[in-house]
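Have a look at the structure below before the remarks.
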There are 2 protein chains.
Amino acid sequence: MDKPKVGRIRERNSQQIIQAAQEEFVLHGFKGTSMQSIADRAGLPKANIHYYFKNKENLYNAVLEDIIEDWNVVLSDMDENSDPKEVLTNFIRNKMQLSYKKPKASKIFAMEIIQGAPHIKEYISKELRIWVKERVQIMQSWIDQGKMRAVDPMHLIFMIWATTQHYADFNTQILEVMNRREYDDEEIERITEFLTTMILNGLDIQ
Amino acid sequence: MDKPKVGRIRERNSQQIIQAAQEEFVLHGFKGTSMQSIADRAGLPKANIHYYFKNKENLYNAVLEDIIEDWNVVLSDMDENSDPKEVLTNFIRNKMQLSYKKPKASKIFAMEIIQGAPHIKEYISKELRIWVKERVQIMQSWIDQGKMRAVDPMHLIFMIWATTQHYADFNTQILEVMNRREYDDEEIERITEFLTTMILNGLDIQ
DNA sequence: GTCTATATTGAGATAGAC
DNA sequence: GTCTATCTCAATATAGAC
């Protein structure tokens, strides 16, 4: 109780603004989103948004950082001695759950990359590239040990990214084609099963 | 030579504008793109763009139609008697080539869907849904004939869409992670092989 | 910390000369 | 058909009262 309330209020308002910003950025992209619309959605005067984040660029970066933080949680532990079946199954399940739980985060990240990743090029060429490199080496050791079929591990990672994120990013198309209003736990479970089986089978892992 | 030159000029200019528009829409999205930037890129005064397309909405729709047209070419013929291996191999190869040749088209389409498909909801819920429905029925008949493993054909289609489009839409991320400047024929061939093998293997098709 | 009022720039769109 | 000049409105951002 020594600390002033201010910090709490700041934290609460920041999060509230970031949430509202996410909703708007998904709908209209970075350039297409107006600070006014974010303010309206957050139920605050526009000037407050500027007070908290100074400008649109900063706010957008805060949104992206928020997303990347979640992302890092998914990255399950693995090493040369791990069981590929277990690791890959978990990886697919976790990414699929993230797509289900936070489709908007996935969408903003996707749009950012589609547009050339102007705000996160550094993150990709540093953190992300290293992360992939490490996993590729481990997967290669699995292949060398005869634990799975010899494929390029990097493209295997891309395949898992692509298939799981697709259900978040393209949910409008998928739901429309499937003639459903939204996903439910059951459907997500079926999709997870499908992806896991296809990929494990594709790698000759029983 | 009876017809006035006008039609030709109109056609040429229209295409030129659509091209320039594509480049801009990829970079900044629909709302984020300005008519001025399109005009500058096309080397024409802004008023001309309005003369040809009346407004931004119309121009954007023209760009989308252009993209969907290309898309339809990929849809290979297939029926109950087709060989799944051949059809799927061709499908993957054609979609992968399209991703390679026209990544910007794929990206604009992706952004449109990510943002909720406000301009093409009808196309999706009509043409596209029907197209998927037909293919699903055919694939189901393959399964009933024992030609491939029993999976949900709809998700198989989504998987092929997701994996092939990923290389176009996320090329910035992929190239950065791979530490390459661009794809080449060879790399695309390797990816096509990888995807084809993974998917056919996943379906127990030899 | 909060909000109203406003400065300033850039947007989509069009009128009208050529 | 083409382009300059211009209208109108909405955008980001900030000043300054509370």
Original post:
Parallel, tilted or perpendicular for B:Tyr167 and A:His155, by the 30°/60° rule?
Top reply: tilted
**OP:** Please state whether the rings of B:Tyr100 and B:Tyr183 are parallel, tilted or perpendicular, taking 30° and 60° as the class boundaries.
**Re:** perpendicular
Original post:
Within less than 4.0 Å of OP1 or OP2 of D:dT2, is there a side-chain N or O belonging to B:Asn13?
Top reply: yes
Original post:
D:dT12 C1' sits how many Å from A:Ile38 CD1, rounded?
Top reply: 11 Å
Original post:
For B:Ala42, does its backbone N or O pair with a side-chain atom of B:Gln16 as donor and acceptor, under 3.5 Å?
Top reply: yes
**OP:** Could you tell me whether A:Phe25 and A:Tyr60 have their ring centroids closer than 6.0 angstrom?
**Re:** yes
**OP:** For A:Asn48 and C:dA5, give me the distance from atom CG to atom C1', rounded to whole Å.
**Re:** 14 Å
Original post:
So what does B:Tyr52 hit on the nucleic acid, given a heavy-atom distance under 4.0 Å: a base, only sugar-phosphate, or nothing?
Top reply: sugar-phosphate
Original post:
When the distance from NE2 of A:His28 to C1' of D:dA10 is rounded to whole Å, what number comes out?
Top reply: 14 Å
**OP:** If a protein heavy atom is under 4.0 Å from the base, mark B; if only from the sugar-phosphate, S; if neither, -; do that for nucleotides 12-18 of chain C going 5' to 3'.
**Re:** BBB----
**OP:** Take the protein atom CZ of A:Phe53 and the nucleotide atom C1' of D:dT14, then report the distance between them rounded to whole Å.
**Re:** 18 Å
Subject >> A:Ala110 versus B:Ile114, closest heavy-atom pair with distance >> reply: CB-CD1, 3.9 Å
Original post:
Is the distance between the ring centroids of A:His119 and A:Phe30 under 6.0 Å?
Top reply: yes
